S.K.: 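Provided herewith is a single structure, encoded as structure tokens, for subsequent inquiry.
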Number of protein chains: 2
Amino acid sequence: METQYKEKTFFTSKDLALSVIGGRWKIAIIWCLLQQSPLRLSEIQKYLPDVNQRMLIRQLRELEEDKIITRYVYPVVPPKVEYELGEIGLLLEPVVTSICDWGDNFREYLEKDVNKNQLNKI
Amino acid sequence: METQYKEKTFFTSKDLALSVIGGRWKIAIIWCLLQQSPLRLSEIQKYLPDVNQRMLIRQLRELEEDKIITRYVYPVVPPKVEYELGEIGLLLEPVVTSICDWGDNFREYLEKDVNKNQLNKI
DNA sequence: CGGAATCCCTATCGATACTG
DNA sequence: CAGTATCGATAGGGATTCCG
């Protein structure tokens, strides 16, 4: 989902939003930073073990370009970098929450389905 | 985002949700079906001119497998097929709404930014 | 520690053409 | 109309190495 909003002239709200948060791991990253903030790269990696480092860094860069997150570099040795949600990024909380809520519903729905199938087998 | 929840044993709610609705065009498709339902393939294409037909069909199939949408085939010539949100799919309305709302906020945020930059140039 | 860089492979995407 | 088929392009991703 690397269509940048900067390149296009017109967007509906959903297209604009999806161009920014539609990336493969972006919602997951934002979820992390809503759980705890700021986070160092290595900490995000612990939250998201399935994402390889290169991808994670790419997605973090894109989010940074779009001002969703802020990246603080401390000039120390060894390096210390912290990521944090910006003003507009924090407003994504309802999006993440509604997705998690729906996930809960979907899980229940799946379990109901399993029960139904088990009943059918009797 | 073709990690199917069926293959994994454990998921957080967000991972489960993202495995189902995280696909490239799925939120957009669900958005369409919340605007109007049922919709024929050609009608969805009008809503989403940026999505090519093959991708659209693939994503529709995946959503169908996951019971998010229902596909009705009328046995007529020429073919008529209608897509509709299912019970659990309809519950995605808050997700889509919150994304659109955030898109509005982000647009405002961008415009503020433009103004700031213009002021800086004076 | 937090990356950048490289190689390399696969999955997904997208356009076009074709079909019942 | 609602799809398949095909093919080349691109994004995703793993592993490893190197650097300040």
Side-chain angles (χ1 to χ4, degrees), chain A residues 1-8 15 18-29 32-33 36-66 69-84, chain B residues 1-8 15 18-29 32-33 36-66 69-84:
Chain A
M1 179 77 64
E2 310 327 328
T3 323
Q4 297 295 339
Y5 59 86
K6 292 146 189 165
E7 296 165 13
K8 297 222 178 179
D15 291 331
L18 290 177
S19 77
V20 174
I21 60 168
R24 190 80 156 78
W25 302 106
K26 291 185 182 174
I27 291 290
I29 292 170
C32 293
L33 290 170
Q36 190 186 331
S37 186
L39 280 176
R40 303 181 64 166
L41 179 65
S42 51
E43 294 172 320
I44 300 179
Q45 286 181 300
K46 279 173 202 157
Y47 272 112
L48 306 176
D50 291 343
V51 189
N52 79 56
Q53 196 189 42
R54 202 173 48 127
M55 267 306 106
L56 186 56
I57 289 172
R58 278 197 203 175
Q59 303 269 301
L60 284 166
R61 290 287 184 280
E62 290 184 11
L63 288 170
E64 188 190 355
E65 272 182 44
D66 291 341
I69 64 176
T70 317
R71 181 167 168 266
Y72 294 107
V73 182
Y74 295 85
V76 294
V77 177
K80 177 172 177 179
V81 177
E82 286 185 338
Y83 296 92
E84 197 168 34
Chain B
M1 180 80 61
E2 309 326 329
T3 324
Q4 298 294 340
Y5 59 86
K6 293 147 189 164
E7 296 164 14
K8 298 223 180 177
D15 290 332
L18 288 177
S19 78
V20 175
I21 61 168
R24 189 81 155 80
W25 303 105
K26 290 183 182 174
I27 291 289
I29 292 170
C32 292
L33 290 170
Q36 190 185 330
S37 188
L39 279 176
R40 304 181 64 167
L41 179 64
S42 51
E43 295 172 319
I44 299 178
Q45 287 182 299
K46 280 173 204 158
Y47 272 111
L48 306 175
D50 292 343
V51 189
N52 82 56
Q53 197 187 41
R54 198 178 54 129
M55 268 307 106
L56 186 56
I57 289 171
R58 279 200 201 175
Q59 302 267 302
L60 284 166
R61 290 284 186 283
E62 290 184 12
L63 288 171
E64 187 190 354
E65 272 182 43
D66 291 339
I69 64 176
T70 317
R71 179 168 169 268
Y72 294 107
V73 182
Y74 296 84
V76 294
V77 177
K80 178 174 176 175
V81 177
E82 285 186 337
Y83 296 92
E84 198 168 33

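Proteins come first, then strands; the chains are lettered A, B, ... in the order of their sequence lines, and each starts at number 1. None of these values were measured; they are calculated from a predicted model.
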S.K.: Quickly work out the A:Lys46 NZ to C:dC1 P distance and round it to whole Å.
M.R.: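 The distance from NZ of A:Lys46 to P of C:dC1 comes to 9 Å, rounded to the nearest Å.
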S.K.: Looking at A:Arg24 and D:dG12, is any side-chain donor or acceptor paired with a base atom of the opposite kind under 3.5 Å?
M.R.: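 Checked by distance alone, the answer is no.
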S.K.: Out of C:dC13, C:dG2, D:dA2, which has the shortest distance to the side chain of A:Leu41?
M.R.: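 For the A:Leu41 side chain, the nearest candidate turns out to be C:dG2.
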S.K.: When you measure from the side-chain N and O atoms of A:Arg71 to the phosphate of C:dG3, is any distance below 4.0 Å, counting only OP1 and OP2?
M.R.: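 Result: yes.
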S.K.: Would you mind reading off the distance between A:Met55 atom CE and C:dC8 atom P, rounded to a whole angstrom?
M.R.: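 Rounded to whole Å, this separation is 18 Å.
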S.K.: Please determine if a side-chain N or O atom of B:Tyr83 lies less than 4.0 Å away from the OP1 or OP2 oxygen of D:dG3.
M.R.: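 B:Tyr83 to D:dG3 OP1/OP2: side-chain N or O found under 4.0 Å.
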S.K.: Atom CG of A:Asp50 to atom P of D:dG12: distance rounded to whole Å?
M.R.: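 Between P of D:dG12 and CG of A:Asp50: 16 Å.
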S.K.: Can you tell me the distance, in whole Å, between the CD atom of B:Gln45 and the C1' atom of D:dC1?
M.R.: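 The answer, rounded to whole Å, is 10 Å.
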S.K.: Report yes if a side-chain nitrogen or oxygen of A:Arg40 is closer than 4.0 Å to either non-bridging phosphate oxygen (OP1 or OP2) of C:dG2; otherwise report no.
M.R.: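 Indeed, a polar side-chain atom of A:Arg40 lies that close.
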S.K.: Think B:Arg54 has a side-chain N or O under 4.0 angstrom from the OP1 or OP2 of C:dC18?
M.R.: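 For C:dC18, neither OP1 nor OP2 has a side-chain N or O of B:Arg54 closer than 4.0 Å.
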S.K.: Is the shortest side-chain N/O distance from A:Trp25 to OP1 or OP2 of D:dG13 below 4.0 Å?
M.R.: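 Affirmative; the distance criterion is met.
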S.K.: Report the residue from B:Arg40, B:Lys80, B:Glu82 that forms a side-chain hydrogen bond (donor to acceptor under 3.5 Å, both in side chains) with B:Tyr74.
M.R.: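 When B:Arg40, B:Lys80, B:Glu82 are each tested with B:Tyr74, the side-chain hydrogen bond (donor to acceptor under 3.5 Å, both in side chains) holds only for B:Glu82.
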S.K.: To the nearest 0.5 Å, tell me how far A:Leu60 CG sits from A:Gln53 CD.
M.R.: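 Here the rounded value is 10.5 Å.
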S.K.: Working to the nearest 0.5 Å, report the span between CG of A:Leu18 and NZ of B:Lys26.
M.R.: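 Interatomic distance, A:Leu18 CG to B:Lys26 NZ, rounded to 0.5 Å: 14.0 Å.
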S.K.: Can you tell me if B:Asn52 touches the phosphate of C:dC13, counting only side-chain N or O atoms and a distance under 4.0 Å to OP1 or OP2?
M.R.: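 False: B:Asn52 side-chain N/O out of range (4.0 Å or more) of C:dC13 OP1/OP2.
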S.K.: How many angstroms lie between atom CD1 of B:Ile29 and atom OH of B:Tyr83, to the nearest 0.5 angstrom?
M.R.: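 Rounded to the nearest 0.5 Å, the CD1-OH separation comes out at 9.0 Å.
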S.K.: Name the closest nucleotide to the B:Ile57 side chain, picking from C:dG20, C:dG3, D:dG3.
M.R.: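 So the nucleotide nearest the side chain must be D:dG3.
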S.K.: Does a nitrogen or oxygen in the side chain of B:Arg58 sit under 4.0 Å from OP1 or OP2 of C:dT12?
M.R.: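 It does not, given that no N or O in the side chain of B:Arg58 lies less than 4.0 Å from OP1 or OP2 of C:dT12.
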S.K.: Using whole Å, report how far OH of B:Tyr74 lies from P of D:dG3.
M.R.: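 B:Tyr74 atom OH is separated from D:dG3 atom P by 13 Å.
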S.K.: Can you measure A:Tyr72 atom OH to C:dG2 atom P for me and round it to whole angstrom units?
M.R.: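 In whole Å, C:dG2 P lies 17 Å from A:Tyr72 OH.
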S.K.: Write down the distance between CD (A:Gln59) and P (C:dG3), rounded to a whole number of angstrom.
M.R.: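 To the nearest whole Å, that distance equals 15 Å.
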S.K.: Between the side-chain atoms of A:Gln53 and the base atoms of C:dG2, is any donor-acceptor pair under 3.5 Å?
M.R.: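 Answer is no: no donor-acceptor pair is held.
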S.K.: Nearest 0.5 angstrom please: B:Leu56 CG to B:Leu41 CG, how far?
M.R.: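 Reported to 0.5 Å precision, the distance equals 5.5 Å.
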S.K.: Can you measure A:Ile44 atom CD1 to C:dG2 atom P for me and round it to whole angstrom units?
M.R.: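 Atom-to-atom, A:Ile44 to C:dG2, this comes out as 9 Å.
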